[in-house]
Amino acid sequence: MSKRIEIKELLKNPPIGEAVYVKGWVRAFRSNRFIALNDGSGFNNIQVVVDFEKQPEDLLRKVGFHACLAIKGQLVESEGKGQAVEIVAEEIEVLGETDLEKYPLQAKAQSMEFLREHAHFRMRTNTFSSVFRLRHAISFAVHQYYHDRGYYYLHSPIITGSDAEGAGEMFQVTTLEANNAPKDEEGNVDYKQDFFGKATNLTVSGQLQGEIAALALGKVYTFGPTFRAENSNTSRHLAEFWMIEPEVAFNDIFDNMDLAEDFSKYLIRYCLDNYAEDLEFLDKRIQNSEKQMKAEDRRPMGLIDTLKFVLENDFERITYTEAINLLRSSKPYKKGRFKYEVEWGKDLQAEHERWLVEKKFKKPVIVRDYPKDFKAFYMRQNEDGKTVAAMDVLFPGIGEVIGGAQREERHENLLARVNEMGIPEEELWWYLDLRKFGGAPHSGFGMGFERMVLFITGMSNIRDVIPFPRTPGNAEF
RNA sequence: GCCUCAAUAGCUCAGUUGGUUAGAGCGUCGGACUGUUAAUCCGUAGGUCCAAGGUUCGAGUCCUUGUUGAGGCGCCA
């Protein structure tokens, strides 16, 4: 009786007839009699039945939406229909009141935009508590997947002195004062006097360090925050996001594709197997919100059906050249509906990727062997001399969730490419060394963690699947 | 960075061709209610119509600039 029990545990193994002690927040107080209490341990609430004649009136007044309570009572089989068991309250203690005249949240659906502005309260809603439980689940499943398969978790650095990843604009890290930085003889900022003795940035990718580890430990993965200072204003981009980057010695591009598909499916399966209640709630939520929409704007399948469909079907695998040919024989191409040109040598645009994934194949698609001209320097050159062993995994509704490649392991080829692209060789001496001493074919990819969370939860804005989103012009909370 | 749209009560929104005192639902607050499931019923209060400037006898409504947000595009994961 003296020890608190978590609501999830209480509902899993209900000790009917026994005295119980729970704590949590009020999700609803109905009919001056029924409290729906949730302590965050799971999706489901416990119903607390109050005999209001036995409780002081001023105490019951404090039992409002999202107030925090501690309740002692007896667990009994429920007389009502919506739940199997309930607690008959004997002692109610108010741990934290909520002044509802000032509290912004309400016991009804509120817009994602509004809740985003109240990010310190939004996790108390059904939607966000489900999303963040799933975010945890996916994160845990990532480690489980790789650990079970003999991969080593590599902590790649957050601060990097390398300026050669080429993955995007970087955030500078410095202890120099903006207004009073020391200057060199030419009048430029003298980073030799900075904390690290050189210019440094927040990492945009752990891949290059991952390769170092893969060529010693065999199979590794990184899972950490990455930073892009791009002025990207979309529902799929963050300035601070988490990325999972496996890197595997001796894997070629086909092994890489197998890994990407198997890994993605594992994460989805883990959530379906372990977090069904949260997924069911999110599924219903989407269906309700789409009721007012026109049929053609609705998703073709419910959330859980979509996830199961992805699990049960192979990802489509095509080359970039095949993708171009398919696009050029498509209806929207022939009718001139595409805004961007479809031509071998030009990158696939979002509208092209969407057609391939959502119209043509209706499932995840892996596109490989892209022209080398618009891909990174480290990707392995194919025999045709025109393409590289790059791959993108495209998901319905989101687009690119995974980007990867077989890495160029041949020192001559890599060096030629580095020079061709005008990258300073001295920045990459250690990366080039990996090819000079015991080099090996190897492959890897980066999965945008939030994009995977977006897909699995069915949310539509990436800002709603990370607790505290960082985007251009916004670093609140 | 570019394009489009939006901003009115705590929230979600309506507001006619520019014309009297700006409305509704939900929430709040007050009351009723001992089997509710976003409970229900009755009542009350609640507004610098995003900001600044302009046009006009008169602006929530029209114009300009700005701010914030959303959607799309580009960059990518």
Side-chain angles (χ1 to χ4, degrees), chain A residues 27-36 44-55 61 64-66 78-83 86 88 98-118 125-126 165-169 204-207 225-245 260 284-285 288 292 297 338-340 347-354 374-376 392-395 398-404 445-455 460-464 466 471-474 476:
Chain A
R27 287 287 175 87
F29 185 29
R30 287 181 286 263
S31 198
N32 211 17
R33 184 165 168 77
F34 304 101
I35 301 169
N44 291 304
N45 306 322
I46 182 76
Q47 170 154 289
V48 179
V49 184
V50 181
D51 188 343
F52 60 72
E53 285 180 352
K54 286 187 188 167
Q55 302 292 340
R61 262 173 218 286
F65 184 59
H66 282 181
S78 179
E79 291 177 35
K81 279 180 182 171
Q83 55 284 315
E86 62 194 15
V88 176
T98 294
D99 180 350
L100 293 174
E101 283 196 74
K102 291 174 183 158
Y103 190 56
L105 269 54
Q106 298 175 21
K108 64 165 190 173
Q110 285 174 295
S111 72
M112 292 298 116
E113 293 81 23
F114 175 78
L115 290 169
R116 213 173 287 150
E117 287 171 17
H118 300 274
T125 65
N126 280 332
E165 284 100 334
E169 292 296 310
V204 293
S205 163
Q207 179 202 316
T226 45
F227 307 87
R228 305 272 167 95
E230 302 285 349
N231 192 7
S232 296
N233 296 288
T234 82
S235 55
R236 294 181 302 281
H237 290 84
L238 291 163
E240 176 181 299
F241 65 100
W242 288 63
M243 191 151 62
I244 300 136
E245 297 178 284
K284 273 184 210 142
R285 185 188 151 274
N288 286 335
Q292 295 97 333
D297 293 336
F338 287 133
K339 200 175 153 193
Y340 290 87
D347 204 356
L348 299 178
Q349 300 297 317
E351 59 180 0
H352 307 142
E353 294 180 349
R354 258 205 315 278
F374 54 79
K375 286 289 179 185
D392 284 351
V393 184
L394 312 173
F395 273 71
I398 298 171
E400 187 179 346
V401 171
I402 291 172
F445 60 79
M447 170 189 277
F449 180 61
E450 283 77 14
R451 287 188 179 173
M452 198 64 199
V453 179
L454 207 50
F455 182 74
S460 46
N461 193 313
I462 202 163
R463 290 162 199 157
D464 298 328
I466 187 167
T471 52
N474 197 341
E476 192 68 50

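Because the structure is predicted, anything quoted here is derived from the model rather than measured.
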query = For B/rA70, does OP1 or OP2 lie under 4.0 Å from any side-chain N or O of A/R463?
reply =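 Yes, because at least one side-chain N or O of A/R463 sits under 4.0 Å from OP1 or OP2 of B/rA70.
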Base, sugar-phosphate, or nothing for [X], non-hydrogen atoms under 4.0 angstrom?
X	result
A/N461	sugar-phosphate
A/G403	sugar-phosphate
A/E86	base
A/K102	nothing
A/F445	nothing
A/Q106	base
A/S111	sugar-phosphate
A/D51	base
A/R27	nothing
A/F34	base

I want to verify a distance call: between [options], whose nearest atom is closest to the [X] side chain?
X	options	answer
A/L100	B/rC29, B/rU37, B/rC73	B/rC29
A/R116	B/rG69, B/rG1, B/rG10	B/rG69
A/K81	B/rC76, B/rU37, B/rG25	B/rU37

Taking N and O atoms by type only, does the side chain of [X] place a donor or acceptor under 3.5 Å from a partner on the base of [N]?
X	N	value
A/R236	B/rC75	no
A/E230	B/rG1	no
A/Q83	B/rU36	yes
A/R228	B/rA77	yes
A/K339	B/rC73	no
A/S232	B/rC76	no

[N] versus [M] - spacing of their [atom1] atoms, nearest Å:
N	M	atom1	answer
B/rU20	B/rA59	C1'	15 Å
B/rG72	B/rG60	C1'	29 Å
B/rC62	B/rG19	P	11 Å
B/rA45	B/rA24	P	12 Å

query = If we require ring centres under 5.5 Å and near-parallel planes under 30°, does A/F241 stack on B/rA77?
reply =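 It does: the two rings, one from A/F241 and one from B/rA77, meet the stacking criterion.
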